[in-house]
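Since the structure comes first, as structure tokens, the remarks are kept for the end.
Chain letters run A, B, ... following the sequence lines, proteins first, then strands; residues in each count from 1. For clarity, every value in this text was computed on a predicted model and none was experimentally measured.
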Number of protein chains: 2
Amino acid sequence: MATDERVTQTGAEIDFGTLHELTGYWLRSAQINTYRNVRRFFFDEFEMTPGLFGVLEIVDRNPGLTQTAVANAMGNDRSAMVAIIDRLEKRGLIERRPSPVDRRSKALYMTAQGKKFQAGVRERALQHNREFFAVLSAGEHRQLVDMLKRLATSTSDGQPQTEWC
Amino acid sequence: MATDERVTQTGAEIDFGTLHELTGYWLRSAQINTYRNVRRFFFDEFEMTPGLFGVLEIVDRNPGLTQTAVANAMGNDRSAMVAIIDRLEKRGLIERRPSPVDRRSKALYMTAQGKKFQAGVRERALQHNREFFAVLSAGEHRQLVDMLKRLATSTSDGQPQTEWC
DNA sequence: CCATTACTGTTGATAACGTAAACAATTAAA
DNA sequence: TTTAATTGTTTACGTTATCAACAGTAATGG
């Protein structure tokens with residue numbers, strides 16, 4: 001849906017087959033819609049992405065953390081962290097300092113500007129969270145999060161992982 | 001975690017701050033883990049992706065559909081469909097035929113080989129769905145899907161969309 | 001009938017993200 | 001002290017989403 005804004009007459013009688021029986025499909029659909037929404041709601045305004053937001057939040061709450069530590073906390077590869085920190089550093093939101101105990105690693109800290117910035121984003125995030133998930137009752141909401149937490153560490157071959165989260 | 005396979009000593013006492021209060025975060029985590037898992041479980045084996053699988057399933061159940069129709073059904077931009085159909089056609093699973101009623105559009109059909117292939121993938125998908133979501137009880141599972149369906153069409157500014165699904 | 005508007009598949013661009021392999025510098029362990 | 005492991009980094013490839021534009025075709029209004 002780029003230049004044109006028409007809504008075609010497809011919708012109605014399409015058979016989704018097994019797709020609608022697969023929980024993973026609904027999980028993906030819900031996630032895509034949520035991301036699309038949160039992006040339009042405030043990520044565009046702040047030039048944020050889920051990855052950037054996560055790093056800012058974690059570094060803000062855990063000053064001095066290593067890049068690899070943050071990567072592990074977010075379930076990312078540490079190589080993905082480089083570009084993210086680069087961008088945040090270039091925007092003056094975050095700071096790489098040499099670790100005093102390990103000359104390989106770099107300790108991450110928020111700048112004063114970064115703290116102020118993230119405070120604004122955080123508030124909008126909580127606001128969006130309230131409004132977007134208003135289609136669920138409080139009890140449902142609580143139960144949903146409980147289930148998602150389990151799914152975030154579930155595997156198909158046995159018991160939950162312990163790796164991250 | 002590319003060449004090296006070590007698990008660093010980070011995990012324990014990291015404060016995730018607002019992140020853990022955001023439902024979108026958990027939604028994303030659950031989705032990422034699910035995708036990672038389904039990929040290792042059988043997508044690699046069949047060289048599939050969620051997008052390819054979805055198209056195959058929809059075309060299989062709705063022969064003769066237009067590319068744009070499939071795109072809308074999946075909530076995609078129609079431009080994304082081109083590469084997907086190209087790949088599936090190159091693999092002999094799907095077929096583009098000129099529409100008899102509209103010279104612009106192309107009707108999509110499964111090949112015999114495609115039908116057989118998709119039958120196998122579909123079976124594995126249902127199997128994985130059962131095993132992976134075994135961390136939920138039957139009632140929870142049902143309720144989760146119910147909530148995800150609502151979130152797939154929710155917006156932060158008012159009532160659900162009617163666009164797709 | 002014709003001009004305008006809309007829709008089709010397509011291409012190309014940008015970007016986020018995930019995955020993976022490799023490297024130099026540094027540290028830890030045998 | 002030799003060997004193995006970890007850190008940040010770069011490079012690469014692939015998937016997916018989004019957006020803008022184009023030529024060919026269809027539908028619509030006047």
Intermediate values then yes/no, side-chain hydrogen bond (donor to acceptor under 3.5 Å, both in side chains), B/Arg96 and B/Gln67
CA-CA 9 Å; B/Arg96 273 189 255 233; B/Gln67 290 186 197; 2.7 Å; yes
Does the ring center of A/Phe46 lie less than 6.0 Å from the ring center of A/Phe117?
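Yes: the rings meet the under 6.0 Å criterion.
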What's the [atom1]-[atom2] distance between [X] and [N], to the nearest Å?
X: B/Arg78; N: D/dC22; atom1: CZ; atom2: C1'; value: 11 Å
X: A/Asp77; N: D/dG14; atom1: CG; atom2: C1'; value: 15 Å
X: A/Gln31; N: D/dA17; atom1: CD; atom2: C1'; value: 12 Å
X: B/Met48; N: D/dT16; atom1: CE; atom2: P; value: 10 Å
X: A/Met81; N: C/dT19; atom1: CE; atom2: P; value: 13 Å
X: B/Ile32; N: D/dA17; atom1: CD1; atom2: P; value: 14 Å
X: A/Arg39; N: D/dA17; atom1: CZ; atom2: C1'; value: 8 Å
X: B/Asn37; N: C/dT19; atom1: CG; atom2: P; value: 12 Å

Selected nucleotide, minimal atom distance to [X] side chain, candidates [options]:
X: A/Thr66; options: C/dT11, C/dT8, D/dG8; value: D/dG8
X: B/Arg40; options: C/dT11, C/dG9, C/dA20; value: C/dA20
X: B/Thr49; options: D/dT9, D/dT15, D/dT18; value: D/dT15
X: A/Arg28; options: D/dT16, D/dT9, C/dC17; value: D/dT16

Indicate whether OP1 or OP2 belonging to D/dT18 is found under 4.0 Å from a side-chain N or O atom of A/Arg36.
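Yes, such a contact exists.
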Using a cut-off of strictly less than 4.0 Å, decide whether A/Asn76 has a side-chain nitrogen or oxygen near OP1 or OP2 of C/dG18.
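Yes.
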Six-ring centre of B/Tyr35, A/Arg28 cation under 6.0 angstrom, axis tolerance 45°:
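Pair A/Arg28/B/Tyr35 does not count as cation-pi.
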Would B/Arg124 and B/Phe41 count as a cation-pi pair here, with the cationic atom under 6.0 angstrom from the ring centre and within 45° of the axis?
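Geometry flag: set, cation within 6.0 Å and 45°.
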With distance as the sole criterion, is a donor-acceptor pair present between the side chains of [X] and [Y] under 3.5 Å?
X: A/Thr18; Y: B/Glu57; value: yes
X: B/Glu131; Y: B/Gln127; value: yes
X: A/Asn37; Y: A/His128; value: yes

For DNA chain D, the residues among residues 84-109 of chain B that have a non-hydrogen atom under 4.0 Å from it:
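The answer is B/Arg87, B/Asp102, B/Arg103, B/Arg104.
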